[in-house]
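These notes are about the structure you will find just below.
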Amino acid sequence: MLQAQNLHKYYGQLHVLKGIDLQIDAGKITTIVGPSGAGKSTLLHILGTLDRPDEGWVMADGMILHNLNEQALAQFRNLSIGFVFQFHNLLPEFTALENIAMPGYIAGKPIDELHSRAELLARMLGIVHRLSHKPAELSGGEQQRVAVARALINSPKIVFADEPSGNLDTRNAEELHQLFFQLRDELGQTFVIVTHNESLANTTDRKITILDGRIANDLNISRPEI
């Protein structure tokens, strides 16, 4: 569903990605692991069109994504890609419901349709009773569930997550990981997750190890029974 070929990225003289070839399969959870500075987040940002490679390309739906103009790329990103970040990135002045629906507002979708889907996702994620609350009134685990629902609101083909449980305690991190498996199994959702959490990485469908800007290992793992 998404393919990358010969990705290189430089920051000044620093050569961060050194020729990454990668194909992401639909309906699976792929984790990307490796030491700090290996290029994991850089790779995730390029795959998610938040950054551009200096060499190589990323293709989806038969299109070389970075050949699109900024408006077309932003539209593709909004409708086809969801993002979950370590620090939630929720807008503090809006309620949980409004934060979840925000990508749909940007896409110009009907409000009633958006709020119905937001409520459905919130119910699935166990936060439907918190929809009227603003981020400051939510726990860290609740905020991250809002962020996951926001990533799913436009029914994206793929969700990218950058250390999504890195700011959570052990219990909330484990609950979040189980939610990813639930969403994969119930919605057929595709995830690509950068993580330092080896227990998560070892139970996903695929574990890619990045070392010094290159893929050092690419391991397909049997699906766990959830």
Side-chain angles (χ1 to χ4, degrees), residues 1-4 22-32 40-41 43-52 57-68 70-91 94 96-111 113-125 127 143-165 176-195 200 204-206 208:
M1 66 174 302
L2 185 142
Q3 184 178 359
L22 184 61
Q23 182 167 317
I24 301 299
D25 297 325
K28 294 186 177 181
I29 301 177
T30 297
T31 47
I32 301 175
K40 304 184 301 299
S41 292
L43 175 60
L44 193 79
H45 291 170
I46 289 174
L47 294 175
T49 74
L50 296 174
D51 199 359
R52 293 178 179 269
W57 48 261
V58 177
M59 177 183 285
D61 295 341
M63 301 181 295
I64 304 296
L65 296 181
H66 298 94
N67 287 346
L68 300 175
E70 289 299 331
Q71 182 178 358
L73 187 60
Q75 183 179 36
F76 176 87
R77 185 187 304 125
N78 178 249
L79 294 176
S80 298
I81 298 175
F83 295 96
V84 182
F85 300 101
Q86 180 175 349
F87 295 103
H88 323 310
N89 290 3
L90 302 179
L91 298 174
F94 293 100
L97 173 65
E98 292 165 335
N99 268 283
I100 292 169
M102 192 61 65
Y105 296 154
I106 293 169
K109 294 185 174 181
I111 300 298
E113 173 188 315
L114 276 174
H115 287 186
S116 293
R117 177 160 173 78
E119 184 174 335
L120 176 66
L121 290 169
R123 193 175 303 281
M124 180 180 292
L125 297 176
I127 53 170
Q143 290 183 50
Q144 196 60 305
R145 288 169 185 252
V146 170
V148 172
R150 179 185 59 190
L152 296 169
I153 192 67
N154 283 339
S155 301
K157 295 179 180 178
I158 187 167
V159 172
F160 293 100
D162 195 356
E163 295 288 357
S165 59
L176 180 65
H177 298 162
Q178 293 303 316
L179 282 174
F180 291 144
F181 292 121
Q182 177 187 348
L183 293 165
R184 176 200 65 187
D185 294 339
E186 294 184 8
L187 302 181
Q189 187 63 57
T190 305
F191 290 94
V192 178
I193 304 171
V194 162
T195 184
L200 169 63
T204 55
D205 300 298
R206 183 181 179 192
I208 296 171

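Computation of the quantities below employed the complete heavy-atom set of this structure, encompassing side-chain atoms and omitting hydrogens, waters and symmetry-equivalent molecules. Fair warning: this is a prediction, and the values are worked out from it, not measured in the lab. Here, residue 1 is the first one in the sequence, and each next residue gets the next number.
- Within the 4.5 Å cutoff, side-chain heavy atoms of F181 are placed close to those of T204.
- R206 pairs by the salt bridge (charged side-chain N to carboxylate O under 4.0 Å, His left out) definition with D218, not counting sequence neighbours.
- Scored by the salt bridge (charged side-chain N to carboxylate O under 4.0 Å, His left out) test, D25 finds no partners at all (sequence neighbours excluded).
- Within the model, atoms CG of D51 and CG of L44 stand 11.0 Å from one another, a figure rounded to the nearest 0.5 Å.
- The distance from atom CG of L179 to atom CZ of R145, rounded to the nearest 0.5 Å, is 4.5 Å.
- Once rounded to the nearest 0.5 Å, the distance linking CG of L200 with NE2 of H177 reads 4.5 Å.
- Between E119 and R123 there is a salt bridge, since at least one side-chain N of the basic residue sits less than 4.0 Å from a carboxylate O of the acidic one.
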TODO: Kindly determine whether T195 and E163 satisfy side-chain contact (heavy atoms from CB on, under 4.5 Å), including the steps that lead there.
DONE: CA-CA 5 Å; T195 184; E163 295 288 357; 4.1 Å; yes
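- Going from atom CG of L68 over to atom CZ of F76 covers 8.0 Å, rounded to the nearest 0.5 Å.
- A pairwise comparison of heavy atoms in P164 and L176 identifies O-CD2, 3.5 Å as the closest pair.
- Across every non-hydrogen atom of V194 and S41, the tightest pair is CG1-OG, 4.3 Å.
- Heavy atoms of other residues, nucleotides or ligands lying less than 6.0 angstrom from CD of Q23 number more than 12.
- Considering OG1 of T30 and CZ of F191, their distance stands at 11.5 Å, rounded to 0.5 Å.
- Taking each heavy atom of P156 and Q189 in turn, the nearest pair found is O-NE2, 3.2 Å.
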Open item on the list: Using the rule given for side-chain contact (heavy atoms from CB on, under 4.5 Å), can you reason through V148 versus L183, listing the C-alpha separation, both sets of side-chain angles and the distance that settles it, and then say yes or no?
Closed with: CA-CA 10 Å; V148 172; L183 293 165; 3.8 Å; yes
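- For the salt bridge (charged side-chain N to carboxylate O under 4.0 Å, His left out) test, no residue two or more places apart in sequence or in another chain qualifies with R150.
- Nearest heavy-atom pair, H45 versus D162, reported as atom, atom and distance to 0.1 Å: NE2-OD2, 3.6 Å.
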- [ ] I would like to know whether L152 and M124 meet side-chain contact (heavy atoms from CB on, under 4.5 Å); could you show each step before the answer?
- [x] CA-CA 12 Å; L152 296 169; M124 180 180 292; over 6 Å; no
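- Closest approach of F83 and G48 over heavy atoms only: CZ-O, 3.2 Å.
- Scanning for salt bridge (charged side-chain N to carboxylate O under 4.0 Å, His left out) contacts around E70 gives R52, with sequence neighbours left out.
- F160 is linked by a ring-ring contact (aromatic ring centres under 6.0 Å, His included) to nothing, counting only residues two or more places apart in sequence or in another chain.
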Open item on the list: Using side-chain contact (heavy atoms from CB on, under 4.5 Å), reason through K157 and T190 one step at a time and then give a plain yes or no.
Closed with: CA-CA 7 Å; K157 295 179 180 178; T190 305; over 6 Å; no
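- Side-chain contact between I46 and H66 is present, with heavy atoms from C-beta onward closer than 4.5 Å.
- With values rounded to the nearest 0.5 angstrom, L2 atom CG is found 9.5 Å from T49 atom OG1.
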Tell me which donor-acceptor pairs under 3.5 Å the side chains of residues 97-110 have, and how far apart each pair is, sequence neighbours excluded?
from : atom 1 : to   : atom 2 : distance (Å)
E98  : OE1    : T95  : N      : 2.9
E98  : OE1    : T95  : OG1    : 3.3
N99  : OD1    : L91  : N      : 2.7
N99  : ND2    : L91  : O      : 3.1
N99  : ND2    : F94  : O      : 3.1
N99  : ND2    : T95  : O      : 3.1
Y105 : OH     : H115 : NE2    : 2.8
K109 : NZ     : N154 : OD1    : 3.2

